[in-house]
Amino acid sequence: MSGLLAAGPDGGPGDFAVDVLAVVEQIPAGRVLSYGDVAELVGRGGPRAVGRVMSVYGSGVPWWRVLRVDGSFAPEVFARAVRHHRDEGTPMRPGGERVDMRLSRWDGG
DNA sequence: GCAATGACTGGTA
DNA sequence: TTACCAGCCATTG
C-alpha cells in the first residue's frame, strides 16, 4: 500500500477502485493491459467495473496503458493514448490507431 | 434497497 | 473484416 490512494468512508474510492489503480500503476512503460486483464489480476469485478474506475480515478495513473482487448481505445482518450504509446515505443499495428496486443500485452509481472 | 450508467467482452451473423 | 446482441459488475442517484 503506497499510501497515495486510500479507501475511505468520506466519499473516496471503494476498495475495488484502489486495487484497480494499484495494478495499473504496476504496468511498465511500453506494455499494456486490457480492462478484463486488470479485473483478472485484481481477482474480482469485471471490465465494465474497471472502465468505470478509470473514468473517475484514472487521472492519477498511466491510464493509457489500459485499453480494450482488441487493442483499440475509447474515443474520449484515443488521441492522448496514441501519443503516449508512440512516445513510449509501444508496438502498434499498421496505421498506428491500435496497439498490437500480441506483442504489447503485459504478463503481470 | 432499486434502477440506471459506463474508458467492456465474447459470441454469432 | 465489421456489426449487432446479451452478459457482465462496481459505482452513483
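Here is the naming used below: chain letters follow the sequence lines, and residue numbers restart at 1 for every chain.
With distances taken from any side-chain atom of A:Val69 to the nucleotides B:dG10, B:dA7, C:dC9, the minimum falls on B:dG10.
Nucleic acid contact class of A:Arg98 (heavy atoms, under 4.0 Å, all strands): sugar-phosphate only. A:Ala81 comes within 4.0 angstrom of no nucleic acid atom, judged by non-hydrogen atoms across all strands. Using a 4.0 Å heavy-atom cutoff across all strands shown, A:Phe16 reaches sugar-phosphate atoms only and no base atom.
Nucleotides of DNA chain C nearest to A:Arg93 and A:Ala49 differ in position, and the one nearer the 5' end is that of A:Arg93. Looking at which nucleotide of DNA chain C each of A:Gly46 and A:Val56 is closest to, the 5′-most match is held by A:Gly46.
The minimum heavy-atom distance linking A:His85 with A:Val32 is given by the pair CE1-CG1, 3.3 Å. A:Val61 and A:Glu25 get closest at one heavy-atom pair: CG1-CG, 3.4 Å. Among all heavy-atom pairs drawn from A:Pro91 and A:Gly30, the shortest one is CD-O, 4.1 Å.
You'll find the ring centres of A:Phe73 and A:His84 outside the 6.0 Å limit.
As rounded to whole Å, 9 Å separates atom P of B:dA7 from atom CZ of A:Arg68. Between the CZ atom of A:Arg44 and the P atom of B:dC8 there is a distance of 20 Å, given to the nearest Å. In this structure, the OH atom of A:Tyr35 is 14 Å from the P atom of B:dG10, given to the nearest Å. Rounded to an integer number of Å, the gap from CG of A:Asp70 to P of C:dA3 is 12 Å. Atom CD in A:Glu40 sits roughly 15 Å away from atom C1' in C:dC9 (whole-Å rounding). The OH-C1' distance, from A:Tyr57 to B:dG6, rounds to 15 Å in whole Å. In this entry the distance linking CZ of A:Phe78 with C1' of B:dC8 reads 18 Å, nearest Å. Per the geometry, CD belonging to A:Glu76 stands 7 Å off P belonging to B:dA7, to the nearest Å.
Note on A:Arg48: every side-chain N or O is 4.0 Å or more away from OP1 and OP2 of B:dT5.
Checked by distance alone, A:Arg52 brings a side-chain donor or acceptor within 3.5 Å of a matching partner on the base of B:dT5.
The backbone N or O of A:Asp100 sits less than 3.5 Å from a side-chain atom of A:Ser104, completing a donor-acceptor pair.
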